[in-house]
Amino acid sequence: MDILNSLNDKQREAASHDQGPILVIAGAGTGKTKVLTHRTAYLIESGKAKPWEVLAITFTNKAANEMKDRISNLIDYPIDRMWIGTFHSICVRILRRFIDRIGYDKNFIIYDDDDQKTLIKDCIKELDLDPKYYSQSSIKEFISNEKNRRNSPDKYINENYSNYINRNKGEIYALYEKKLKASNALDFDDLIIKTLELFEKNEDVLNFYQDKFKYILVDEYQDTNNAQYKLIILLGRKKDGSSNVFVVGDEDQSIYGWRGADITNILNFENDFKGAKIVKLERNYRSTAVILNAANQVIKNNCQRKGKKLYTEQNEGNLIRIIETADERDEAFTIAALIRREHRENKIDYSQIALLYRTNAQSRALEEGLIGEGIPYKIVGGVKFYDRKEIKDIMAYLRLILNQKDDVSFDRIINVPRRKLGDKAREAISNYALENGLSKFEACFDFDKLGLQPSAAKSIESFVSVMEMLMIKKDVMPLSQFIINVIEDTGLKDMLLQDPSVEGRSRLENVDEFLSAAKDFEERYEENSLEDFLVHISLLSDLDKTAASNDVVTLMTVHSAKGLEFDTVFITGLEDGMFPSIHNDEEDNIEEERRLFYVAITRAKRMLYMTHARDRIRYGSHEMRMKSRFLDEIPQECIEESDSLAFGNKKLQQLEHRVARKTGFFADPAQEKDEVKPKLKESDFKLGDKVWHKLWGKGTVVQLKDDIIVIAFESKGIRNLNLEYAPIEKL
DNA sequence: TGCGTGCGGCTTTTT
DNA sequence: GCCGCACGCA
């Protein structure tokens, strides 16, 4: 069959597999997506399955969209009838249809991270617990864990009754669940959990979907958590004992353990699905031999793996450059200078260059370097578009209009824009709501019974009448038109217009962008109600918007980079405590950090740079840093180490000196004068000369070319230095 | 009720 | 070094 022609033997073996469970271990860059898409196309083209009988699950919308695009290039079927999506979006689709079976309203809303935290904060306050002992983030993690383990609050409280702290955590969990339910809201975990619950309590629904989905494909199987795993089992194991589950994954790229992903799901696949076939894809089509060699050697240090070794038929390629810099500013400027060089001399598009880091906080310094050199860039992640205050405000209005039980949204906007409704009014509303079993917004309809000052009651009255009008408008206007009405009628627009600051203007621009997103959604989808739009946004991540952008450098965390590839990659901040993160120092976690490093390495096709700083500012103060232990796991023959000075440009040098003066780290003022001494020339040295370096001491000249001098230091190994700037003396 | 100030805690990664 | 919170004043 034509569709399978472009695959290699292993890929074809996987893609054309017929009946029964199969696990495809697909190393980085081995054509995983190709196998998934070609298999799907093959199933349909060969008549084994109708398009609507295939369920393909991915982890990101971006991956889902890419799959759809690529499949539609392979076959002629309309792909919109196929179920291709993330775990979360697939579950929403099922819940939208059947959630009333487990006591929810079909127009439920989805609470994101932020909403969750707000709700948790309310719970802690309501239970009168000290936020010092119960932080929002730890409680959030706790609740998520318990949910995914499928422990109910009651069960947890019973089991931990004697432990005061844990019992209280259980109480928070219980109240949180109660409030969620009352708001007719689901959090991210619920999307999966409630689908499980639906299936478990309604055999007919489960049977319906089991019959419907003749073939199930799961991408990134190593990242499934307990609940997702159960979902696959439920849908995948048919009543007649058969199971056409096709999972693709790579245990070496399992990097979401902290989010509940369970690497044993992939390691134990054969036990869960008896008679499973296993295919390993090990031929890499992405990277040079040097890069692959480094990746293989690094990941070899892990124990939790099935083991595989990537190979390539590409040539050796460039050595990996490891660069030590003075601090994070030096790091940023060095990288910027190198990017310029790659762009100019090697004609590498900016869009083919990525800067990776362990934590989002690192992006700021890097950004400054790029700005300094005038290099265009974009940042993936960090503060997401839909997380911006002005956008969240509009969303809160939209959600409240849709679902009057949404207390979190109500609290957000009741005094935005200012309506002179402060703590007093809020308290009165909240009390009345509690006494009468209403949501806060519903309570507002009884504005004359709340026992408020006349002015406050009047304010609520006008708020309610605006909202009532909007609830009517919702059903008679196209989406984007309606949202414009919301922004104008509620006074949000005037509020933004009144702010003349730069931030104010950018907020207005964001609102405009939001409106065009709504317009776009309205035109693109047939199911374009407000409900649909809100779901769409809730499940969207920043990553999904990265595809269509112009020639700019990409900055992102290593996590975000999974699944992507670039010609040139910079892995930054390779210092102990940073990468690996100080939080993941124990044995188990260090393996996940190593996998993360492995993911980072394998993003690079041609050129890989790694940087680490000696000194980095964290929490506002300087910290000395050691280079990452992971760097020592890369074979010597793959790397070329140097100091940032080897790439010296004017800016960098000035910077270096400013740093020196400020911190006294480099040199004392007396030494600084040395810099004025005549520049060194190539002819000043010959191979084998002994030299003295200000920082690294004694060394021997081993190579000289174009103003770059390579010196073997007794303590520091081989370094490249720029003759023009290197602080060295002939001995 | 709204706004300014000062203090403390915190950063891992995100569908 | 930033954000959120508590407190105090107009």
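Computed from a prediction, not measured in an experiment: that's the story for all the values here. Residue numbers start from 1 in every chain, and the chains themselves are labelled A, B, ... in the order their sequence lines are given, proteins ahead of strands.
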Ring-plane angle category for A/F441 and A/F410, please: parallel below 30°, perpendicular beyond 60°, tilted otherwise. tilted

Which residues pass the side-chain hydrogen bond (donor to acceptor under 3.5 Å, both in side chains) test with A/R259, not counting sequence neighbours? none

Carboxylate-amine/guanidinium proximity below 4.0 Å for A/E593 and A/R358: yes

By a 5.5 angstrom centroid cut-off and a 30 degree plane limit, is there stacking between A/F188 and B/dT15? yes

Assign the ring pair A/Y525 / A/F521 to parallel, tilted or perpendicular, where the plane angle (0 to 90°) is split at 30° and 60°. tilted

A/N510 versus A/E390, side-chain donor and acceptor atoms under 3.5 Å: yes

Considering only heavy side-chain atoms of A/T60, the closest of B/dT11, B/dT15, B/dT12 is B/dT15

Using the rule for Phe, Tyr, His and the six-membered ring of Trp, do A/H583 and B/dT12 stack at under 5.5 Å and under 30°? yes

Residues that A/E461 engages under side-chain contact (heavy atoms from CB on, under 4.5 Å), provided they are two or more places apart: A/F447

Side chain to side chain donor-acceptor pair (under 3.5 Å), that's the test. Do A/T224 and A/N265 meet it? Break it down for me. CA-CA 7 Å; A/T224 47; A/N265 288 346; 3.1 Å; yes

When you measure only distances, ignoring hydrogens and angles, does the side chain of A/W258 come within 3.5 Å of the base of B/dT13 through a donor and an acceptor? yes

When you match A/L421 and A/F59 each to their closest nucleotide on DNA chain B, which lands nearer the 5' end? A/L421

Roughly how many Å is it from OH in A/Y598 to C1' in B/dT13, rounded to a whole number? 19 Å

Could you check how far CD of A/Q362 sits from P of B/dT12, rounded to whole Å? 12 Å

Residue-phosphate contact under 4.0 Å: A/T557 side-chain N/O, B/dT12 OP1/OP2: no

Please give, in whole Å, the distance from B/dG2 C1' to A/R426 CZ? 13 Å

Are A/T611 and A/E331 close enough that a side-chain donor and a side-chain acceptor fall under 3.5 Å? yes

Taking only the side-chain nitrogens and oxygens of A/S137, find out if one of them lies under 4.0 Å from OP1 or OP2 of B/dC10. no

Quick one: list whatever passes side-chain contact (heavy atoms from CB on, under 4.5 Å) with A/I90, sequence neighbours left out. A/L55, A/W83, A/I94

Between B/dT12 atom C1' and A/L356 atom CG, what is the distance in whole Å? 15 Å

Base, sugar-phosphate, or nothing: which does A/S135 touch, judged by heavy atoms less than 4.0 Å apart? nothing

Phosphate contact (B/dT11 OP1 or OP2) by A/N360 side-chain N/O below 4.0 Å: no

Over how many whole Å does the gap from A/Q228 atom CD to B/dT15 atom C1' extend? 8 Å

Applying side-chain contact (heavy atoms from CB on, under 4.5 Å), can you list everything that pairs with A/T264, at least two apart in sequence or on another chain? A/D262, A/N268

Specify the residues of residues 408-418 of chain A, ordered by number, for which at least one heavy atom lies under 4.0 angstrom from an atom of DNA chain B. A/N415, A/R418

Rounded to whole Å, CE of A/M556 lies from C1' of B/dT15 at a distance of 17 Å

Taking CG from A/D223 and C1' from B/dT14, how many angstroms apart are they, rounded to a whole number? 11 Å

Reading nucleotides 1-10 of chain C from 5' to 3' and marking B where a protein heavy atom lies under 4.0 Å of the base, S where only the sugar-phosphate is that close, and - otherwise, the string is BS--S-----

How many whole angstroms separate atom CD of A/E328 from atom P of B/dT11? 20 Å

